[in-house]
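Read through the structure below, which is laid out as structure tokens, and then see the notes.
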Amino acid sequence: MQDAVQVAPQTYAFTAHMPVPNIGVLPVNSYLIQGDEPTLIDTNMEVERDDYLKNLWSLVDPDELRWIVITHDDNDHAGNLRAVMEAAPNAKVAFNWLAKARIDDHWDIPMDRVFFLNPGQSLRTADRELVTVRPPIFDSPASLGIYDSATGTFFGGDSFGSIIPEPVENVADVSQQAYEDGFRLFNSLLSPWTQLVDQQKFDATIEAVARFKPKTILSGHGPTAEGMSDQLMQLMSTIPQVEPFVGPDQAAVEAILAQFEA
Ligand SMILES: [Fe+2]
Ligand SMILES: [Fe+2]
């Protein structure tokens, strides 16, 4: 995991990279908003716990952290939720009711430390409103996209990610072709159900994000996208037309492994 990087006003990214054979890497991001009530967006992966917590607590005192907003219950977003909550006694987790239901199978989060949000509702903190929407693509029914009205930043959860050739901080550091190829691949493989959707209804979910006119789009799985809202919305609209991704079968995996051994 690399050191925290400022990606928007008062907003910092904690980024790990998962290798994707033959293509590059998938970023895994969590974010900290250093407002009057410090707020985390997601908690990164369990395998990154030591580095992640070290980076996090170098930017905010555990006693000062007030909110942890969880975009959805997957391990790459909620993997360190318990560790963060145990270290930060004044922090509450804000998420969809289904996220708690799906995390409850391994940890019954105390009710006095939760705040439930449905898409369309807001979390109001001392100095900002965090407005939630259902993001265009998702792989958990608990998913929330989050718009920070104070900085014009949209947090997409799994939406708007891209598998990129190598680790970079900004979309502008990747060739446009590679970024767009990785965007189509990631968003379509994560949400193969987009093959089944009515294009107009899908576009309405994109419009629900576009209406914020976000200055910066921060995906859980992409580099920082600044001033690219129109471009990313158009790209997202193409996802239902992308050919379904089929993963490697056993024979293909063995061939890849043999290549590595050679
Ligand atoms: Fe996910
Ligand atoms: Fe994810």
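We count ligands from 1, going down the list as the structure has it; atoms in each ligand are counted the same way. In this chain, residues are counted from 1 in sequence order.
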Trace of the side-chain contact (heavy atoms from CB on, under 4.5 Å) decision for Asn44 with Met1: CA-CA 10 Å; Asn44 221 284; Met1 167 162 281; 3.5 Å; yes
Summary of ring pair (Phe, Tyr, Trp, His ring centres under 6.0 Å) pairs that have at least one residue in residues 235-262, sequence neighbours excluded: none
Over-ring placement of Arg134 relative to Phe138, 6.0 Å and 45° cut-offs: yes
Distance criterion under 2.8 Å: protein N/O/S atoms around the Fe ion (ligand 1): 5
[Y] ring center within less than 6.0 Å of [X] ring center:
{"X": "Tyr31", "Y": "Phe14", "result": "no"}
{"X": "His221", "Y": "His77", "result": "yes"}
{"X": "Tyr147", "Y": "Phe154", "result": "no"}

